[in-house]
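Note sheet for the following structure.
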2 protein chains.
Amino acid sequence: MLSANIEIRDYLANLIAEYNAGNGGHFTAGRLPSERELVEQFSSTRITVRDALTKLEAEGLIYRSNRRGWFVAPSRLVYDPSSRVNFYLLAAQQNKTPATQLISQRCIKGPAETREALGLVAKEKVIELVRLRSLNGRPVLFETIYLPEQRFPKLNKARLEGSLTVLMEEEYAVQICHEDNRIRVSAVYDQVAESLSLINGAPCLEVTRIRYEGDRKAFEFDKEYWVHSAIELSIPSK
Amino acid sequence: MLSANIEIRDYLANLIAEYNAGNGGHFTAGRLPSERELVEQFSSTRITVRDALTKLEAEGLIYRSNRRGWFVAPSRLVYDPSSRVNFYLLAAQQNKTPATQLISQRCIKGPAETREALGLVAKEKVIELVRLRSLNGRPVLFETIYLPEQRFPKLNKARLEGSLTVLMEEEYAVQICHEDNRIRVSAVYDQVAESLSLINGAPCLEVTRIRYEGDRKAFEFDKEYWVHSAIELSIPSK
DNA sequence: TCTAGTAGCTGGACTAGACCAAAAGGTAGA
DNA sequence: TCTACCTTTTGGTCTAGTCCAGCTACTAGA
């Protein structure tokens with residue numbers, strides 16, 4: 001005996017599989033029926049329908065766009081954190097159209113975790129860049145980048161929506177010697193959730209990165225929050 | 001104006017932070033108050049209380065044990081997939097007590113994805129091993145391992161609950177030459193969910209691995225489902 | 001033709017309950 | 001002391017609604 005929410009999930013999962021395989025245009029522009037339509041169709045309640053949708057979201061089969069509806073998730077971006085390919089190139093290689101929006105830029109003291117990672121002392125400040133990155137118009141990554149102000153004076157504002165790696169190489173002669181990535185499942189809230197069109201407390205993939213140059217001097221600290229259905233990590237050995 | 005579920009989340013998150021810091025024994029044996037107690041305390045409803053708990057679960061601050069209650073999550077196991085440290089050694093290094101339980105063992109044709117990854121043809125079969133791994137008595141990993149039968153005849157049943165890497169080295173002279181890991185957020189269902197004491201559709205970290213030996217011959221295909229709050233991946237560059 | 005205002009639709013959050021199955025704990029009998 | 005049974009508690013699932021805020025599409029006026 002299947003529970004009602006699983007029955008609805010299975011029904012939708014089937015439609016989605018057919019839709020993705022090109023068999024059957026069950027959805028217009030990838031949009032699922034509204035929650036209330038599904039309630040009617042299955043003689044159920046919104047709680048149960050939303051249970052089913054939340055499960056499909058957790059699986060990465062669908063995603064939500066705030067108060068606009070639920071949509072079939074496109075194929076994932078495959079990303080190897082240990083490679084140094086930048087976002088634009090990566091997206092282009094996988095036939096996706098990338099975009100970056102600079103949300104804010106400040107020069108602050110910065111949180112303790114950041115200061116420690118960057119080895120800052122006394123009154124040294126950090127530049128905080130907050131950016132939102134999209135694939136085919138869908139926001140998928142909310143990132144906060146911290147850079148020691150001393151190492152990157154007079155940052156070129158015109159280039160903050162492009163590849164920072166390239167900027168740092170060209171204008172500051174940065175040579176990465178090492179990089180440490182930490183990856184965990186976490187949840188998004190407030191500005192992050194809103195920017196990614198997710199609800200408060202929705203699961204996400206959180207990447208924390210520290211980059212080192214020269215003789216192991218940290219020059220960059222990043223926090224990335226990925227819409228989990230948008231990404232798959234590829235990690236080869238060695 | 002905070003919504004009710006966020007208020008409850010914040011309250012519990014504070015208690016958990018203090019508990020983890022050793023300040024205040026708010027919980028006995030790490031167990032949170034029951035949902036109905038929280039309903040009473042906040043003059044709310046179970047739906048709202050469960051919203052708050054589900055958010056904390058998504059963040060990895062708490063975990064559930066089927067119909068027994070909600071518990072404060074212990075520190076995560078830090079795991080580098082590109083290193084070849086086995087589960088027992090890894091756990092021991094981080095002061096955790098590992099355990100492995102063999103759930104089932106079969107010789108089957110195997111699913112298409114598996115056969116393709118292992119490059120099987122015609123009637124070649126695979127050995128399927130299903131195991132549940134725990135840390136300090138808490139199940140954290142459900143794994144299914146597929147091995148080509150031809151490459152591993154007469155598997156030593158006595159050793160299937162230990163490190164397979166070691167077994168394969170010692171008894172079959174396996175020399176890993178390459179390994180490919182794919183990591184995504186996904187959801188667990190049925191046997192996987194039950195074994196990990198999660199509910200159907202709960203988010204998890206899914207790792208798909210292919211191991212190669214000699215001249216790029218695949219000899220192992222794994223599917224791992226991790227309780228997400230139990231793990232953090234560490235991925236160094238190069 | 002363009003634009004500003006609006007009505008309707010969508011998902012987000014919540015109330016106030018109900019019933020069930022599994023787990024835990026207590027109790028009586030062997 | 002041990003075991004089998006039973007009661008209580010727990011989370012899991014669901015009903016049948018309500019109210020709200022943001023988005024969309026339509027419409028009336030400039």
Side-chain angles (χ1 to χ4, degrees), chain A residues 1-10 12 27-58 62-71 137-139 187-190 193-202, chain B residues 1-10 12 27-58 62-71 137-139 187-190 193-202:
Chain A
M1 175 57 190
L2 284 183
S3 55
N5 76 73
I6 296 290
E7 213 172 295
I8 300 174
R9 187 219 82 95
D10 290 349
L12 290 172
F27 313 114
T28 53
R31 188 161 175 283
L32 270 65
S34 78
E35 296 178 3
R36 285 167 177 88
E37 283 177 68
L38 291 168
V39 167
E40 192 132 337
Q41 187 178 339
F42 287 93
S43 305
S44 186
T45 62
R46 276 187 67 210
I47 298 256
T48 304
V49 165
R50 280 171 71 79
D51 267 359
L53 292 168
T54 304
K55 285 178 167 63
L56 289 167
E57 186 190 31
I62 64 175
Y63 69 95
R64 64 179 94 199
S65 184
N66 210 314
R67 281 169 228 267
R68 293 200 310 118
W70 297 84
F71 298 83
R138 173 191 174 206
V188 291
Y189 287 94
D190 304 328
E194 278 158 39
S195 304
L196 294 173
S197 203
L198 297 172
I199 57 166
N200 268 330
Chain B
M1 177 56 191
L2 283 183
S3 53
N5 77 73
I6 296 290
E7 212 171 297
I8 300 174
R9 187 219 83 95
D10 290 349
L12 290 173
F27 314 115
T28 54
R31 187 161 176 281
L32 270 64
S34 78
E35 296 178 2
R36 285 166 176 88
E37 283 177 69
L38 290 168
V39 166
E40 193 132 338
Q41 187 178 338
F42 287 93
S43 305
S44 189
T45 63
R46 274 187 69 209
I47 298 258
T48 304
V49 165
R50 280 172 70 81
D51 268 359
L53 292 168
T54 304
K55 285 178 169 62
L56 289 167
E57 186 192 31
I62 63 175
Y63 68 96
R64 64 179 94 200
S65 183
N66 211 316
R67 281 171 229 268
R68 293 201 310 117
W70 297 84
F71 298 83
R138 172 191 174 206
V188 290
Y189 287 96
D190 303 327
E194 278 158 39
S195 304
L196 293 174
S197 204
L198 297 172
I199 57 167
N200 268 331

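Worth knowing before you read on, the calculation uses all heavy atoms, side chains too, and leaves out hydrogens, waters and symmetry mates.
Remark: P of C/dA22 and CZ of B/R67 are 6 Å apart, rounded to the nearest angstrom. Rounded to whole Å, atom C1' of D/dG17 lies 15 Å from atom CD of A/E35. Rounded to an integer number of Å, the gap from OH of A/Y189 to C1' of C/dA13 is 15 Å. Here the P atom of nucleotide C/dA24 and the CZ atom of B/R31 are 10 Å apart, to the nearest Å.
Every residue two or more places apart in sequence or in another chain was checked for a side chain to side chain donor-acceptor pair (under 3.5 Å) with B/S3, and none qualifies.
Contact between the side-chain N/O atoms of A/R68 and the OP1/OP2 oxygens of D/dT24 is found at a separation under 4.0 Å. Between C/dG12 and A/R64, a contact under 4.0 Å exists linking OP1 or OP2 to a side-chain N or O.
Between A/I8 and A/Q41, every side-chain heavy-atom pair lies at or beyond the 4.5 Å cut-off.
For DNA chain D, the residues of residues 41-51 of chain A within the heavy-atom distance limit of 4.0 Å (strictly under) are A/S44, A/T45, A/I47, A/T48, sorted by number. Listed by residue number, the members of residues 3-10 of chain A with any heavy atom below 4.0 angstrom from DNA chain D are A/S3, A/A4, A/N5.
If you check every strand for non-hydrogen atoms under 4.0 Å, B/N200 touches nothing.
No more than 12 heavy-atom neighbours from other residues, nucleotides or ligands sit within 6.0 angstrom of CD on A/E40.
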